[in-house]
Amino acid sequence: MFRLLQEATMNAARHSGADWGTTGIRPTDDRVRVVVADEGRGGAPDRPGDYGLANMRRRALAIGARLAIVSDPDGIRIILDLPRPAASQP
């Protein structure tokens, strides 16, 4: 999870052209949602030879998480939904 979020924040800093970005964590009953967002120019293409987004997807799969990459004119949001361990659920 650390490497995935590191990639998301570094991509925002390097490529978005944004003046700011946010990271948020919101637990629910069955998962924990982590969102990295920027207000940059959007456009997160999967480019041949560029492993950033592919690595993020691979890492999410490896930890049993769902990953969504939402890119629009308002910027990019990386949404990671992690399953909550059964021991930590109420």
- Under a 4.5 Å cut-off applied to non-hydrogen side-chain atoms, are D81 and V34 in contact? no
- Query: Are V32 and L61 connected, step by step, through hydrophobic side chains (Ile, Leu, Val, Met, Phe, Trp, Tyr) whose heavy atoms are closer than 4.5 Å?
  - Reply: no
- salt bridge (charged side-chain N to carboxylate O under 4.0 Å, His left out) partners for R58, two or more places apart: none
- Positive for side chain to side chain donor-acceptor pair (under 3.5 Å) with R77, one of D72, D38, T22: D72
- Message: Same cluster or not: I69 versus L4, using hydrophobic residues (I, L, V, M, F, W, Y) connected whenever any side-chain heavy atoms lie under 4.5 Å apart?
- Response: yes
- Message: Applying a strict under-4.5 Å side-chain criterion to I, L, V, M, F, W and Y, I'd like to know whether I79 and M10 cluster together.
- Response: no
- Item | Closest non-hydrogen atom pair between A65 and P83, with its separation | CA-CD, 4.2 Å
- Evaluation steps, salt bridge (charged side-chain N to carboxylate O under 4.0 Å, His left out), between D30 and R84: CA-CA 5 Å; D30 63 340; R84 249 183 151 174; over 6 Å; no
- Give a yes or no on whether I63 and V35 share a hydrophobic cluster (residues Ile, Leu, Val, Met, Phe, Trp, Tyr; joining criterion: side-chain heavy atoms under 4.5 Å apart). no
- Task: Please round to the nearest 0.5 Å and tell me the distance separating atom CE of M1 and atom CD of Q6.
- Result: 12.5 Å
- Query: Would you say the side chain of L67 lies within less than 4.5 Å of the side chain of R57, judging by non-hydrogen atoms?
  - Reply: yes
- Dump the intermediate steps for side-chain contact (heavy atoms from CB on, under 4.5 Å) on R3 and M56, then the final yes or no. CA-CA 8 Å; R3 292 289 184 209; M56 289 170 62; over 6 Å; no
- Query: Sub-3.5 Å donor-acceptor pair from the side chain of E39 to the main-chain atoms of D19, do we have one?
  - Reply: yes
- Message: Checking E7 against L53 for the side-chain contact (heavy atoms from CB on, under 4.5 Å) test, could you report, in this order, the C-alpha distance in whole Å, the side-chain angles of both residues, the deciding distance, and whether it holds?
- Response: CA-CA 8 Å; E7 180 75 27; L53 298 179; over 6 Å; no
- Identify, with sequence neighbours excluded, every residue that meets salt bridge (charged side-chain N to carboxylate O under 4.0 Å, His left out) alongside R59. none
- Message: A side-chain contact here means heavy atoms from C-beta on lying under 4.5 Å apart; do V70 and I76 qualify?
- Response: no
- Message: Taking I25's backbone N and O only, do any of them form a donor-acceptor pair with R33's side chain (distance below 3.5 Å, no angle check)?
- Response: no
